Amino acid sequence: MFELPFYTKIKKSKNIFLVGCGGGYDVFTGLPLYFELLQANPARTIVLGNLSFTKNVLSKRGEKFGPIAIETRYTNYLPESQISSNDSADKNFESYAEHHAWPKNYYPELYLSKYFYDNEKTDTPVYTFELDNTSVPNLRDSYQAVIDKHAIDTVILIDAGFDSIFKGDEEKMGTLGEDLMSVLALRTVKNVKNKYLICVGASTEANISEYDFLENLAGITGMGGYLGCVGLQIEMESVKKYVSAMASCIPTNSGINAQIVSAIEGRYGHYMPKYLASRGSLATDFHINPLMTLCYFFDYNTILKFRLWMDDKELNEAASQGALEKRFDKLREKYFDKSKYTGGRSKYV
């Protein structure tokens with residue numbers, strides 16, 4: 001039987017950190033891999049984390065890890081949980097219930113922990129890294145705190161989309177800041193033997209060209225950093241659990257995952273994902289297609305070599321997402337070649 005290079009490389013990994021790197025619900029797209037890794041070796045420790053759009057993370061219930069992260073557990077919100085005198089009323093689970101409107105109901109990490117409690121019968125934490133108030137050094141230090149606690153030997157960044165593998169000279173970069181911050185933060189963490197990146201959901205993001213993705217995939221392949229691809233199919237038990245988790249965790253809050261689930265269900269073209277109709281979207285806003293179901297595996301260190309300016313001091317010390325993006329835009333002004341974007345290159349393949 002075929003075996004992906006990624007599977008061969010990860011067989012010896014014992015303590016794995018799967019962390020969403022682009023904000024939003026990125027960690028959810030890593031759930032099929034999470035369940036597959038556990039099935040292959042139930043003795044493994046697999047830790048989940050997510051760079052989060054959740055507001056005021058550090059004010060919520062949970063142990064703090066580094067400058068900008070907490071350990072989010074659903075069990076901290078159960079009625080029998082002890083609430084200290086300095087806890088505010090909005091830390092009750094009911095405060096984040098589905099009947100509240102966005103952004104009041106936005107806390108995907110807490111809902112995912114609840115999904116594990118209700119469906120897998122486990123008290124599974126999801127480490128929540130606050131994007132709003134972070135910097136590259138602060139994110140790195142919070143990564144390090146989680147890595148040290150669990151003796152992590154392998155970190156896998158999870159990107160819902162594929163702007164994390166953009167070189168930097170593309171015409172349109174999608175939402176580059178979150179992924180870039182995560183890639184840079186992982187660069188200097190200590191005591192981790194293996195680092196990887198996975199991308200799921202090609203063509204789910206606006207302002208990104210599939211041509212750029214394919215060109216970059218070829219470039220990374222030529223450098224030896226492409227470790228294989230697998231299609232997510234609903235017949236897979238791990239994919240069934242992913243779809244179930246999304247349905248349980250206010251799926252209206254994730255446009256990318258809603259498109260991925262639609263593609264897994266076999267939808268195609270200008271189809272309205274069932275979870276997004278209430279958001280006022282139109283079917284013509286989407287182009288559901290099988291590319292969205294593919295999960296690509298990459299060697300992280302090769303991505304660092306492939307991307308431009310990864311050793312730039314100002315990028316690596318950026319004090320905020322805004323500062324990071326401003327510096328990146330300044331760097332790429334010199335390299336952007338508009339000529340290769342003529343003739344409809346930015347359209348669907």
Side-chain angles (χ1 to χ4, degrees), residues 1-7 18 20-22 24-36 156-166 170 172 174-175 179 196-221 225-247 251-252 254-277 279 281-298 344-349:
M1 299 296 291
F2 296 113
E3 181 168 277
L4 300 183
F6 174 77
Y7 296 162
L18 282 173
C21 69
Y25 277 55
D26 279 24
V27 65
F28 283 78
T29 60
L31 290 179
L33 178 60
Y34 174 91
F35 291 116
E36 292 289 342
I156 305 173
L157 293 180
I158 307 161
D159 182 14
F162 53 82
D163 38 11
S164 59
I165 68 163
F166 271 14
E170 294 81 3
K172 297 180 180 180
T175 54
D179 299 283
Y196 303 102
L197 168 71
I198 68 171
C199 295
V200 188
S203 78
T204 57
E205 297 177 285
N207 297 319
I208 289 181
S209 167
E210 284 81 358
Y211 287 96
D212 285 327
F213 168 67
L214 294 173
E215 181 177 346
N216 291 355
L217 177 60
I220 296 166
T221 300
Y226 174 47
L227 303 179
C229 174
V230 64
L232 304 180
Q233 295 180 260
I234 197 61
E235 292 82 6
M236 299 174 177
E237 190 63 30
S238 60
V239 176
K240 290 178 182 177
K241 290 184 177 183
Y242 157 63
V243 172
S244 174
M246 272 305 304
T252 53
S254 178
I256 289 179
N257 279 280
Q259 293 176 76
I260 294 172
V261 169
S262 295
I264 289 171
E265 293 173 342
R267 310 297 182 180
Y268 182 79
H270 294 308
Y271 171 81
M272 169 62 72
K274 58 187 175 183
Y275 299 131
L276 301 184
R279 288 172 44 161
S281 302
L282 301 173
T284 52
D285 293 334
F286 309 102
H287 191 275
I288 308 301
N289 66 83
L291 286 176
M292 297 176 178
T293 69
L294 302 180
C295 178
Y296 298 85
F297 301 93
F298 300 97
R345 180 187 170 103
S346 295
K347 297 179 181 179
Y348 286 101
V349 175

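Positions are given from 1, in the same order as the sequence printed here. Just so you know, these numbers come straight off a predicted model, no measurement behind them.
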Worksheet item: Can any side-chain N or O of Ser254 pair as donor or acceptor with the backbone N or O of Pro251 at less than 3.5 Å?
Response: no

Worksheet entry | Exercise: identify the closest heavy-atom pair between Leu197 and Cys21 | CD1-SG, 4.5 Å

Practice prompt. Answer whether the closest heavy-atom distance between the side chains of Asp163 and Thr175 falls below 4.5 Å.
Written response: yes

Discussion item. Any heavy-atom pair between the side chains of Phe28 and Ile260 that's under 4.5 Å?
Written reply: no

Item to complete: Enter the distance from Asp179:CG to Ile158:CD1 here, rounded to the nearest 0.5 Å.
Response: 12.0 Å

Worksheet item: How close do Leu294 and Gly231 get, heavy atom to heavy atom, and via which atoms?
Response: CD2-CA, 3.8 Å

Fill in: Inter-residue atom distance Leu31.CG - Leu18.CG, 0.5 Å rounding
8.5 Å

Worksheet item: Quick one: are Ile208 and Phe213 in side-chain contact, heavy atoms under 4.5 Å?
Response: no

Response to the item:
Output for pair (Met272 CE, Arg279 CZ), nearest 0.5 Å, gives 10.0 Å

Response to the item:
side-chain contact (heavy atoms from CB on, under 4.5 Å) with Ile156: of Phe6, Phe297, Tyr34, only one passes, and it is Phe6

Item to complete: Would you please indicate yes or no on a ring centroid separation below 6.0 angstrom for Tyr268 and His287?
Response: yes

Worksheet entry | Pairwise side-chain contact, Val230 with Tyr7, heavy-atom cut-off 4.5 Å (strictly under) | yes

Worksheet, complete the sentence: The reported gap from CZ in Phe286 to OG in Ser262 (rounded to nearest 0.5 angstrom) is 8.5 Å

Worksheet item: For Leu282, does its backbone N or O pair with a side-chain atom of Asp285 as donor and acceptor, under 3.5 Å?
Response: yes

Discussion item. Looking at Ser244 and Lys240, would you say the former's side chain and the latter's main chain have a donor-acceptor pair under 3.5 Å?
Written reply: no

Worksheet item: Would you say the side chain of Phe35 lies within less than 4.5 Å of the side chain of Met236, judging by non-hydrogen atoms?
Response: no

Worksheet item: If every non-hydrogen atom of Gln259 is compared with every non-hydrogen atom of Pro273, which pair is closest and at what distance?
Response: CG-CG, 4.2 Å

Response to the item:
For Phe298 and Leu227, the nearest pair of non-hydrogen atoms, with its separation, is C-CD1, 3.8 Å

Practice prompt. For Asp26 and Asp159, indicate whether the former's side chain and the latter's backbone hold a donor-acceptor pair under 3.5 Å.
Written response: no

Fill in: Student check: side-chain heavy atoms of Met292 and Ser203 closer than 4.5 Å
yes

Practice prompt. Could you walk me through whether Asn257 and Tyr275 pass the side chain to side chain donor-acceptor pair (under 3.5 Å) test, one step at a time?
Written response: CA-CA 10 Å; Asn257 279 280; Tyr275 299 131; over 6 Å; no

Response to the item:
For Tyr226 and Leu217 the tightest heavy-atom approach is CD1-CD1, 3.6 Å

Worksheet item: For the residue pair Phe162 and Tyr296, is the inter-centroid distance of their aromatic rings smaller than 6.0 Å?
Response: no

Worksheet item: Under the criterion side-chain contact (heavy atoms from CB on, under 4.5 Å), which of Val200, Thr204, Leu232 is the partner of Thr29?
Response: Val200

Worksheet item: Roughly how far, to the nearest 0.5 Å, is the CD1 atom of Ile256 from the CD atom of Glu205?
Response: 4.0 Å

Worksheet item: Just how far is it from atom CD1 of Ile165 to atom CD1 of Ile198, taken to the nearest 0.5 Å?
Response: 12.5 Å

